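Taking it in order: structure first as structure tokens, then the write-up.
Computed from a predicted structure; not experimentally measured.
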Amino acid sequence: MPDLLIELFSEEIPARMQAKAADDLKSRVTNGLVEAGLTYAGAAAYATPRRLALRVDGLTERSPDVTEERKGPRTDAPEQAIEGFLRGAGVTRDQLIERDEKKVRVFYAVIEKPGRPAAEIVAEVLEDTIRNFPWPKSMRWGAGSLRWVRPLHRIICLLTREDGSEVVPLDVDGIVSGRITEGHRFMAPGAFDVTGFDDYEAKLKRAHVVLDAAERAEAIWQDATNQAFASGLEVVEDKGLLAEVAGLVEWPVVLMGQIGEDFLGLPPEVLQTSMKEHQKFFSVKNPKTGRIERFITVANRETADHGATILAGNQKVLSARLSDAKFFWENDLRVAKNKGLTAWTDSLSNVTFHNKLGSQRDRIERIAALARELAPMVGADADLAAQAARVAKADLASEMVYEFPELQGLMGRYYSDAAGLPPEVGAACQEHYSPLGPSDDVPSTPVSVAVALADKIDTLTGFWAIDEKPTGSKDPFALRRAALGVIRLVLENGLSLPLDQFIDLQLVRHKGHLIDEVSETDVDDLIREIAAHGVFGAAYRTLKAQRDGATDGLDAMNGAVPDKSVDLLSFFHDRLKVYLRDQGVRHDVIDACISMPGNDDLALLVKRAKALQTVLDTEDGENLVQGFKRANNILTQAEEKDGVEYSFGADPKFAEDPAEKALFDALAQAEAKIAPAMTEQDFSAAMAAMADLRGPVDAFFEAVQVNADSEVLRRNRLNLLSTIRSTCLQVADLTRIEG
Amino acid sequence: MDQTITKPRSFQEIILRLQSYWASKGCAVMQPYDMEVGAGTFHPATTLRSLGSKPWAAAYVQPSRRPTDGRYGENPNRLQHYYQYQVLIKPSPPDLQELYLGSLRAIGIDMALHDIRFVEDDWESPTLGAWGLGWEVWCDGMEVSQFTYFQQVGGHDCHPVSGELTYGLERLAMYVLGVDHVMDMPYNDPDAPIALSYGDVFRQTEQEYSRWNFDVADTDVLLRHFEEAEAECARILDQDADDPKTGKRIIMAHPAYDQCIKASHIFNLLDARGVISVTERQSYIGRVRALAKRCADAFVMTDAGGYAA
């Protein structure tokens with residue numbers, strides 16, 4: 001059983017691509033080997049900046065012999081047809097056998113496919129892998145046409161057995177396979193031979209190359225934390241940076257350096273971002289003060305001066321970078337202190353947010369207006385919420401955020417504090433972008449919540465207003481994320497708010513700008529009336545009735561807003577389904593609850609759904625749904641047939657059967673519990689009371705025939721079913737429950 | 001393996017060493033192009049010669065102008081006028097990385113003491129319709145060069161592929177010479193009878209151009225020049241390939257490309273004057289790219305562009 005060693009030696013592979021490339025090499029090669037009939041015991045892939053390597057252990061020597069039968073023409077077929085079959089199958093006449101099939105005799109060709117040696121298969125599979133490798137970006141070089149991530153120089157392809165190793169011959173556009181590789185570019189120049197994986201790995205290490213990225217990362221982390229610890233400091237953990245740095249070196253050497261005294265006053269996030277983005281340095285902080293005092297850089301070599309020159313160089317580059325950052329920070333602070341954050345907000349009128357949706361400044365004004373309206377719903381002071389919204393994006397015009405966009409929000413908080421604004425405003429600057437992802441923290445202070453909601457609802461309504469909804473995998477404006485953000489803000493803060501109203505308000509603001517014939521008065525009137533009546537439709541009708549003529553603008557809005565509003569709410573519902581599905585709530589349960597009134601109050605909707613899901617998880621609940629559906633089906637059929645609605649209420653005096661009487665009692669008892677529970681929006685109690693009906697409903701159907709001969713009895717029973725239906729439909733539309 | 005190499009002592013010595021190094025490696029040492037450009041890549045010895053099938057090897061210094069980077073000579077690292085050293089070899093030789101490292105040794109960087117790294121950096125020039133893959137080269141954490149394998153120029157696939165090296169000379173020299181402010185860097189030998197610093201040579205011009213670039217350049221005139229260059233480029237390329245006077249086939253790719261360079265630089269000036277909005281920006285870039293593409297189309301129909309009648 002030979003072992004296979006492959007190495008693809010190239011110029012420097014981008015760090016971010018190495019791990020996936022190693023995985024791809026492993027899966028493509030091993031899948032190819034297996035498809036060709038070989039088996040293996042184990043495989044592992046590796047990557048360094050200059051090489052991808054793969055070991056496959058315990059490979060079979062040959063693929064198995066295979067016998068294949070191919071059906072041919074009938075034995076009495078014309079000679080021409082038989083000749084054609086022989087040619088196609090590549091066999092001679094004497095290799096045919098005959099078989100009886102459904103009264104006819106048919107020729108079969110028996111084709112022997114002998115197994116192939118491993119080397120032949122390996123060569124084919126590797127060449128195919130190299131030529132079709134899934135690099136995110138690949139290139140050509142020199143005069144050739146082969147594509148690789150960067151120029152490919154050498155290929156090792158070696159089968160190793162106990163008695164020695166053989167090179168698997170391979171020539172990919174002039175790159176001939178061999179057993180030669182190279183070590184560290186600077187510390188061990190020159191090429192050497194290898195005989196198998198163990199020899200390869202050991203020789204590489206002697207040539208100052210650590211093959212395994214995990215081993216490099218581990219060594220870096222160990223050494224970094226040790227050095228920091230020795231100075232009473234600690235390294236700020238950053239797994240992404242660690243993986244990247246491990247992909248930039250073959251022989252990691254950790255060096256810790258000083259940050260100039262001048263720069264220690266910069267906010268730690270600024271230091272950290274500048275060092276990481278530009279220099280790929282780790283930050284080292286003082287655990288007592290939380291300040292970042294030193295940096296760690298990882299060099300790719302040892303030197304006679306123990307890294308002194310390298311460290312001095314890196315320190316110099318860092319100083320230049322931090323001088324820039326300090327310059328930005330000081331300029332920004334001066335602006336914030338002397339002119340206030342509104343100076344920046346004003347300058348954002350020159351920055352386009354989207355060519356149809358106006359400038360950043362326009363956007364901020366809309367968000368501030370909505371934040372003011374949302375404030376009472378989330379327990380925030382309206383003036384404070386509006387003030388916070390007005391400065392929350394001011395830092396976009398600051399020099400620091402221009403240089404480091406990822407510091408947006410955070411810098412706003414620093415500058416808000418510097419400008420002497422209330423702490424709630426500063427917090428909103430930082431938190432209003434949140435939550436950004438499904439695991440990101442959700443703001444909980446009321447002012448932050450108001451601004452965060454207003455920001456997201458403004459974005460969603462804006463792009464809805466200009467028909468830029470997400471389609472398929474395309475969501476360039478991250479609208480799904482914005483909708484999930486609203487959902488999480490509402491649910492995790494337990495907010496009960498009518499989303500429709502705020503969608504309508506903001507759609508009116510957007511559409512007011514987009515439609516020419518809509519006047520400012522139209523917009524102002526509509527906003528006032530929506531605030532008073534709750535939704536667009538009522539506002540529109542009120543104004544239409546009030547005004548004599550001159551309703552062109554209103555009518556145009558009526559043609560534009562309601563459809564968008566309905567569509568956006570259903571987008572929220574779709575996102576909510578995804579969100580709740582992850583929490584184990586079934587989609588049909590959510591559908592059953594979305595059909596109920598007040599479905600724009602997401603907290604209420606989720607409360608319903610969770611109550612329903614809980615009941616459905618019990619046997620009583622499940623059976624109740626069956627009972628309900630049975631009642632509903634019989635009733636619906638009867639109503640269709642008779643052309644009437646049996647909703648007059650049933651009379652217990654016509655109840656004949658004890659089970660029928662019991663059902664009357666049970667329904668009365670249930671209703672006595674359900675009504676107060678519904679007033680309290682205690683859906684769990686309401687559902688529990690409904691689930692209690694399961695026994696009586698089952699017993700009723702067991703004992704009683706609804707379609708009785710007596711018309712009086714029949715009508716009374718149908719009316720009784722109607723009571724079951726109306727009782728059970730109070731929390732959710734159970735007709736939508738599947739199964 | 002590093003031979004002992006003396007440290008250079010001045011900015012010009014570093015340039016001279018690069019010139020003689022690349023000359024010794026077989027490059028034609030060319031002179032700067034006599035037009036205002038934003039980067040060494042714009043020199044026709046790179047842009048046009050990277051097209052077509054004919055082998056090419058050239059190295060040169062190119063003064064480069066980036067009006068928006070002007071800081072009145074006060075910033076230690078930023079200049080509106082600076083020098084790039086540019087090498088272009090087609091097809092890219094298999095040992096281009098080694099050749100490049102040799103050039104660092106030639107200017108006194110001791111590989112045994114420094115940490116040299118090739119860090120992913122893909123290059124794209126939207127105005128030239130060009131892109132390539134490669135790295136920025138780090139020396140002790142500092143970017144000292146760009147290293148690119150051209151894949152496309154002027155919308156044409158590069159066959160064969162050129163290897164391009166660009167050194168930011170001031171930054172590289174400051175590092176090698178251990179200088180913190182560009183204006184303090186020795187321009188000629190510090191022991192020369194008349195020793196000149198970079199500031200002696202360029203501080204005043206940095207001030208003058210910064211003022212002109214940011215505040216004084218007449219934007220109406222510039223806008224008109226842009227239109228004129230654009231029109232002239234098109235007019236040149238619209239001419240018949242056969243010259244009626246000589247009766248020869250003369251496609252005027254280079255004169256047309258001069259107009260493209262001009263338009264590109266005027267766009268940079270307008271940008272520095274702050275008169276180009278975000279949306280207009282894209283459209284100007286697109287217009288320059290359209291010129292670059294037409295020039296590339298024309299060049300590949302010439303002898304130097306590998307056209308065989």
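- By the 6.0 Å and 45° rule, B:Arg281 does not stack over the aromatic ring of B:Tyr284.
- When each of A:His278, A:Gln279, A:Arg150, A:His153 is scored by its heavy-atom pairs under 4.5 Å with chain B, the top score falls to A:Arg150.
- For the options B:Glu143, B:Met142, B:His159, heavy-atom pairs under 4.5 Å to chain A are most numerous at B:His159.
- Only the side chain of B:Leu101 comes within less than 4.5 Å of a heavy atom of chain A; its backbone N, CA, C and O stay farther away.
- The environment of NE2 in A:His513 is sparse: at most 12 heavy-atom neighbours from other residues, nucleotides or ligands sit within 6.0 Å.
- For A:Met187, no part sits under 4.5 Å from any heavy atom of chain B, backbone or side chain.
- Looking at A:Lys316, only its side chain comes within 4.5 Å of chain B, counting heavy atoms on both sides.
- Centroid-to-centroid, the aromatic rings of B:Phe299 and B:His156 stay 6.0 Å apart or farther.
- Side-chain polar atoms of B:Asp69 and B:Gln80 form no donor-acceptor pair below 3.5 angstrom.
- Of the two parts of A:Thr309, the backbone and the side chain both hold a non-hydrogen atom closer than 4.5 Å to a non-hydrogen atom of chain B.
- A donor and an acceptor atom, one from each side chain of B:Ser103 and B:Tyr85, are nowhere located under 3.5 Å apart.
- Of the listed residues A:Val249, A:Leu318, A:Asn300, the one with more heavy-atom pairs under 4.5 angstrom with chain B than any other is A:Asn300.
- Proximity to chain B (any heavy atom under 4.5 Å) is shown, for A:Val253, by neither the backbone nor the side chain.
- Neither the backbone nor the side chain of A:Arg321 comes within contact range of chain B; no heavy atoms are under 4.5 Å apart.
- Between the side chains of B:Gln86 and B:Thr46, at least one donor-acceptor pair of N or O atoms lies under 3.5 Å.
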